[in-house]
2 protein chains.
Amino acid sequence: MKTDTVFKRAFNDALSLVAKLEDGEPLPSENTLSAGLGVSRTTVRKIIAALAAQGAITGAGRRRAVAAARTKLRPFPAAETVSTSAQVENRFMEWMLRDNARPGTTINELELARQFGVATTGIREFLNRFQSFGLIEKRPNAGWVFKGFTARFALELFEIREMFELRSAEAFARLPDSSKLWRQIEALRDEHIVLLRDIDRRYHDFSDLDSRFHRLINSAAPNRFIDGFYDIITLIFHYHYQWNKHDERQRNEAAIGEHLAYIEALLSRDVSIVETACRAHLTSAKETLLRSTAG
Amino acid sequence: MKTDTVFKRAFNDALSLVAKLEDGEPLPSENTLSAGLGVSRTTVRKIIAALAAQGAITGAGRRRAVAAARTKLRPFPAAETVSTSAQVENRFMEWMLRDNARPGTTINELELARQFGVATTGIREFLNRFQSFGLIEKRPNAGWVFKGFTARFALELFEIREMFELRSAEAFARLPDSSKLWRQIEALRDEHIVLLRDIDRRYHDFSDLDSRFHRLINSAAPNRFIDGFYDIITLIFHYHYQWNKHDERQRNEAAIGEHLAYIEALLSRDVSIVETACRAHLTSAKETLLRSTAG
DNA sequence: GGACAGATTTTTCTGTATAAGAAACATCGG
DNA sequence: CCGATGTTTCTTATACAGAAAAATCTGTCC
């Protein structure tokens, strides 16, 4: 049966949304809520019904208003708001990166399903999508093999990444001065500076900034295959940052410095300077990843 | 329930294999057959049982021999030998490339399932894998959108293809003379020449040769992401060749000529000549594909 | 008549069931 | 003891079912 994580997450969001309203204030229309919560009106109605059942909303039809009781309601636990697919992704990445799964391990759908507490369907779906990330291989009628998060993987990944990024960075540098991307990259530079100032406390915020920075560069000359490739990078780095705590602050501080140099290079519009800065950053990113691979 | 297409295909293969044996000759061992037919021994035993039931094999255990009746047996219809997933792929590619599906069309799992005569599970599995090919996009909880086999797609595809192929071709040209790839490419050159001689009759054999040629070049410096990208190319071209019959003979004849020039360039080991020949071929391949896109 | 809510229809998501096929284990003949 | 066959166990491929969520249709009120 389908899970109701969409409902639960939206319910929690609705709760904080409703908390901001005054006592007795009319509830926004179902369509407004639907747009605001990012779910269909059907789900909105289910949320309204649930809120009404618990006395957080009074009235019916077009005459609904929020009641005082709304602030006392308990949201659903966060664990119940994550979809099966997200859960599988999390657990699988954890198994792979944190538990340092061995190259050559065969992956058993049924066993993973039991281990993760989901049905085999969810596992299969994940593995099928994940296949294109180059870390697992399908043996038709005979399961999957984990190829290993190895040095070879990191090297192949970075060979492509360098090709793509140099191409995009160059395209970026050649953008006309009128392009709105120039303003965006300046804004991103400021974000880097703010983060750097507070690096001791906020160093784990770098992962997200990193992803946004590289995607912005790619957007100078969009290509769906490059975007798709960045999905791999983003996924790997997201989980890698999350679990590899060794020297994290220093690593991120250094990377911010490289980004800033890279941004300055872009702003200079000088392609050869851009190339140097880009290469420098990618090389150090590669070293970092290599250090945490299995052989 | 699982289909028995593996059994049926292997049974048909076994039939032609057995036809080559003399009357009364002993049947090869189960392990030998297993290797020869590319299926497990379980399936081989099922095939032997079926053949025995129809009198094509006499004796049992270690004393099995082929009987005269073997030549009169009917193979299973070809349609029953293709797996659900292969069937879905076929039908979907047909829908996309031959029926010229409109960009922006929403894809309905249930409707496709009915249309293709399979369960929704099969459709979902295909779509999930196919997603990484850049032609469809998932809207969680709300189906899929077909992005269109458009000129933009072809251009983005060829931008990457050119990057990858130039890199691989250069690596190929720099291979030491001792590399066995030199002998392989010479063999491939000969295949091209043979095909060219008989082009009027065998022009549709080019698709396979094309794929093998480009994959050989990539193998000079293997990279899993490039291999994965070539899966896209191979799939698109396989079906494209299959259905776009316009000028097929001339197109393939011209492409063979380009390949031969490209191979000569590689054999010369001169990187700049290689680059020129590679670019020339890719440009003409791009033109061909562009001509058949939807807008 | 246009935004809104109520009711209904579709469609996706995800669990379960089961045959086909692979793989591991056991046995036997020479 | 080795290679073959017989037997058992385990895993994947695929159909099917039921609930959640989305989409659509319908009526109504300002």
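Naming convention: chains lettered A, B, ... in sequence-line order (proteins, then strands); numbering from 1 in each chain.
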Rounded to whole Å, CD1 of B/Ile107 lies from C1' of C/dT12 at a distance of 14 Å
Measure from CD on A/Gln87 to P on C/dC13 and round the result to the nearest Å. 16 Å
Non-hydrogen atoms of [X] and [Y] that approach each other most closely:
X	Y	answer
B/Leu37	B/Ala10	CD2-O, 3.9 Å
A/Met96	A/Leu135	CE-CD1, 3.6 Å
B/Phe153	A/Arg224	CD1-NH1, 3.5 Å

Through what angle, rounded to 10 degrees, does the axis of the helix from C/dG1-D/dC30 to C/dG30-D/dC1 turn between its ends, using five pairs per end? 20°
B/Tyr239: partners by side-chain hydrogen bond (donor to acceptor under 3.5 Å, both in side chains), with sequence neighbours left out: B/Glu89
Do you know which of B/Ile47, B/Asp13, B/Ile48 makes side-chain contact (heavy atoms from CB on, under 4.5 Å) with B/Leu33? B/Ile48
With a 4.0 Å cut-off (strictly under) to non-hydrogen atoms of chain B, the first and last hit nts on DNA chain D, 5' to 3', are D/dG3 to D/dA23
If you assign each of B/Glu109 and B/Arg63 to its closest nucleotide in DNA chain C, which residue comes earlier from the 5' end? B/Glu109
Test side-chain contact (heavy atoms from CB on, under 4.5 Å) applied to [X] - qualifying residues, sequence neighbours left out:
X	result
A/Val145	A/Arg139
B/Lys180	B/Arg183, B/Gln184
B/Lys138	A/Glu125, B/Arg124, B/Asn128, B/Gln131, B/Trp144

Taking only heavy atoms on the protein side, list every residue of residues 128-148 of chain B lying under 4.0 Å from any atom of DNA chain D, sorted numerically. B/Asn141, B/Ala142
Does anything in residues 112-127 of chain A come within less than 4.0 Å of DNA chain D? Heavy atoms only, and list the residues if so. A/Arg124
Expected list for residues 2-20 of chain B near DNA chain C, using heavy atoms below 4.0 Å, is B/Lys2, B/Thr3, B/Asp4, B/Thr5, B/Val6, B/Phe7
Touch class at under 4.0 angstrom, heavy-atom based, for B/Ile47 against every strand present: nothing
Assign A/Ile48 to base, sugar-phosphate, or nothing according to its heavy-atom contacts below 4.0 angstrom with the strands shown. nothing
Would you confirm whether [X], through its side chain, and [Y], through its main-chain N or O, come within 3.5 Å as a donor-acceptor pair?
X	Y	answer
A/Asp4	A/Phe7	no
A/Thr5	A/Glu80	no
B/Asp99	B/Ala101	no
A/Thr81	A/Ala78	yes
B/Ser207	B/His204	no

Decide, yes or no, whether a salt bridge links A/Arg64 with A/Glu30 under the criterion of side-chain N to carboxylate O below 4.0 Å. yes
Sequence neighbours excluded, which residues qualify as salt bridge (Lys or Arg N to Asp or Glu O under 4.0 Å) partners of B/Arg114? none
Output all residues satisfying salt bridge (Lys or Arg N to Asp or Glu O under 4.0 Å) with B/Asp231, sequence neighbours left out; order by chain, then residue number. B/Arg215
Return yes when atom CZ of A/Arg212 has more than 12 non-hydrogen atoms of other residues, nucleotides or ligands closer than 6.0 Å, and no otherwise. yes
Can you check whether B/Ser40 has a side-chain N or O nearer than 4.0 Å to OP1 or OP2 of C/dA23? no
Earlier contact from the 5' end, DNA chain D, for A/Thr43 and A/Met1: A/Met1
Between B/Phe237 and B/Arg161, is there a cation-pi geometry (under 6.0 Å to ring centre, at most 45° from the normal)? yes
Atom pairs under 3.5 Å: protein N/O with N/O of nucleotides 5-7 of chain C:
{"residue": "C/dA5", "atom": "OP2", "partner": "A/Glu30", "partner atom": "N", "Å": "2.9"}
{"residue": "C/dG6", "atom": "OP2", "partner": "A/Arg45", "partner atom": "NH2", "Å": "2.4"}
{"residue": "C/dG6", "atom": "O5'", "partner": "A/Arg45", "partner atom": "NH2", "Å": "3.1"}
{"residue": "C/dG6", "atom": "N7", "partner": "A/Arg41", "partner atom": "NH2", "Å": "3.4"}
{"residue": "C/dG6", "atom": "O6", "partner": "A/Arg41", "partner atom": "NH2", "Å": "2.4"}

